[in-house]
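Sequence lines set the chain letters: A, B, ... in the order given, protein chains first and strands last, and positions in each chain run from 1. Bear in mind that the values here come from a model prediction, so they are computed numbers and not experimental data.
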Amino acid sequence: MSLLKVENVTMRFGGVAAVEDVSLSVDQGEMLGFIGPNGAGKTTLMRIITGVLRPQTGRVLFRGEDVTRWPVDRRIRAGLALAQQIVKPLASLSLVDNVALAAGAHRMVSPLAALLRTDRETERAKAGALLDFVGLGDALSMMPTELPLGDLKRLEVARALALEPVLLLLDEPLAGLNQGEARAMADLIATLAGKHRGIVLIEHNVREVSRICPRIYVQDNGRGLVDGRADEVLASPELRRAYLGEELA
Amino acid sequence: MAYEITVLTTMAISILFALSLNVITGFCGQVSLGHAAFYGIGAYTAALLTKSGIPLALALLPAAAAAGAVGFVVGMASLRVRDDFLAITTMGVAFLFVGFVRKQEMLGGEIGISGIPSVAFGRPGLLALSLLCTALFVLLTVHIRRSWMGFAFDSVADDEDTARILGIDVPRFKLWAFVIGTAGAGVAGGLYAHHIRFIGPDSFGFLESITALVMVIVGGIGSIWGVALVAAILSVLPLFLQFVDDYKLLLYGVLVFATVRYAPGGVAGLARTLAMRIRR
Amino acid sequence: MLLLDLGLQGLVQGAIYALIALGLTLVYGLLRILHVAHAALFTLGGYVGVIVTNGTGSLPLAILLAMVSVGVIGIGVYRFCYRPLLNRSPLVALIASIGLFIAAEEIYRLVFGPYGLSFVTPPLQTQVEVFPGVFLSHARLLVVGLSVVIIGILAWLSGSTRTGVAWRATVSDPDIAASFGINIEKVRYLNFFIGSALAALAGVMVALLNNLVEPTMGAVPAYKALAIIVLGGLGSVRGTLVASLALGVIESFGTIYIGHLLDRDAIAFAFLVLVLMVRPRGLLSRG
């Protein structure tokens, strides 16, 4: 079954189309690489999928339901998770609490239920395990402001995982990392795909994407360019044209 | 003895009022510049009820409900507008309240309501009731802090968009913060009306809203003990120092400015820093 | 005739609102700060205007001095109060600004006394019949005239000089402006100078209309100007002008027709709350 379906979505900002008539689908257990040069509208499409932006036309289906008009938090509770390109830790909470909050999100649908619950230990334990998994096991009680960018990117991933998503969107998790860090992060991401979970990896780093993603979708100037098996896409003339002038590693 | 009772009652009511704003501004991060409107709604509701013979202890419930109901509506507004727009909207609500009361015959218009009856057991009875209400509200806010509601508030106050990305239903939590905070202010207002025994539109002006905000900021945004301490001190300082009474606003203004500029954590933040120094 | 009269009174009031609110909008556009203390500069302008007029007998000199001195003080407010807070949450600056404003009111009370000052010989009080049966004082005409001229000059400057273009670019998007090599700091100083000078001018005008300046005269304009820039969409100069005039006129009609329900200030804020419910991003926003 297809987990996510984007149908003919168009998003304009003051007459300029950031995303134009784009369709895309992701299946259960699939790992999709999403690449495109700067200004291709990658982040815009991602924001449409999470619900930060509402497209002027087209619709977004998640697990068979039309979620185009759903607010962000409702989509998240339905099984979507996002690790953002620009890391957004909650600066006033420790790492473990950042992740524990996400782990407990499904318990907080009703404020009354949230008011009646004080125990945080279950979620903290889960958060500890996830932080350990992303390699931050010895920084649990640190504050986000004390960490370098690379670690914050890992925190984003841990937090997204704590939501136990069926579809995980990763927006440039490798950006800003050096080559070694990027490779380690990509290896980590490769282990996240599961039987039920789909992953969309938006990246600039074509080398790492082609290494870990079986399928690649390319977008340029707000339009879908190619979509198919990684090796075919990488060999396609469209991709070379899109990246003309940019270094293709 | 009577003087001490008055001082303590003033303190208790101020603490309750400041802590009620602390739920909205401190816990949930929504700046309200019109909190006195809810204080006023509670005061008018309770005063009208006790004047028709209902005991204050019972009248406080409708006072809380009335303030909370209007708080719910303003909370709905906070969902549509945010940040700067919200601050101004809440301020607008406060001006609306005062402007409305001024013109209502039933609410005493400009003249206000006087001859508000005294409470059962007189001044000591009012003190006991005020202490009880304040203590209950302190317990409630301490509990909120420890609960997942407090956890969710933290995230909303920190960064609304990120809270949403973590699946938190931000609008609903904001509404709850508004209802709890404004209902608390309603109770404080009901007590205040029976403490002063006279209320008018000018008792609930912009100045009162700012006073509550000063207490929250200087006490340390979100800190229950810091806010309670500063509310207690600032509420009775004018009784002891004539200068403070004359130039209350100068003191408030300087305090607030100095706090945000030099000690953003307020009194609670300073205490924490001090404690850490001593431990070392 | 009542309608025309009310409309004109509303426009005069709207012109004053516009002078105050323009400065606020400029500050908001540039720094995203709700500069409540702006109204303290308005009050100060009124005081300087009355004191200089009474001392020298010259109103033009008083206006000039009020604008220049308050403009410089405005720069000081930015330099010493806001700049240190720029990298913190905008609400921190708002709260600091409120603190500064209420402290300033008290300082005026300490320095100038609690009862306010008046002109020894109030200038420009002659009434003129502008339409048959509708009278306006010279002072009111001056308010409208000066507002139109000054806002016109500003519009011209910002459209056709290098500094003006830099200024506009910075107000609409500080980050992009900086990347084009515009000296943002200089623009901010200019901004605070112009905004504060306009507030001072409005202060002198209100002093003329009421023949009174008092420590708390900034309170209501402070909050109303905030309402106006919010109505105008925060940071939009055109929106601010429209909102100023709209509010002036609505208040003037409202006090006559629904004055028995709400007082003048409450009418203004009822209008604000209503507009925000329908258009959460201000009057001129789309949707």
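- For the options A:Asp73, A:Asn98, A:Ile76, heavy-atom pairs under 4.5 Å to chain B are most numerous at A:Asp73.
- A:Arg75 places a side-chain N or O within donor-acceptor distance of the main-chain N or O of A:Trp70, the cut-off being under 3.5 Å.
- Heavy atoms closer than 4.5 Å to chain B are found nowhere in A:Leu80, neither backbone nor side chain.
- Judged purely by atom type and a 3.5 angstrom limit, B:Trp148 uses its side chain to pair as donor or acceptor with the backbone of A:Asp119.
- Note on A:Ala78, A:Pro89, A:Ser92, A:Ala105: by heavy-atom pairs under 4.5 Å with chain B, the leading option is A:Ser92.
- Of the possible polar contacts, one joining the A:Arg77 side chain to the B:Gly167 backbone as a donor-acceptor pair under 3.5 Å is found.
- Residue A:Asp97 touches chain B through both its backbone and its side chain, counting heavy-atom pairs closer than 4.5 Å.
- Heavy-atom contacts from other residues, nucleotides or ligands closer than 6.0 Å to CD1 of A:Ile86 number 12 or fewer.
- Counting heavy-atom pairs under 4.5 Å between each of A:Leu163, A:Leu82, A:Leu101 and chain B puts A:Leu101 at the top.
- Among B:Ile144, B:Asp169, B:Asp159, the residue making the largest number of heavy-atom pairs under 4.5 Å with chain A is B:Asp169.
- Looking only at side-chain heavy atoms (C-beta outward), A:Leu167 and A:Val26 come within less than 4.5 Å of each other.
- Remark: aromatic rings of B:Phe72 and B:Phe178 are distant, center separation not under 6.0 Å.
- A:Leu115 touches chain B through backbone and side chain together, each having a heavy atom under 4.5 Å away.
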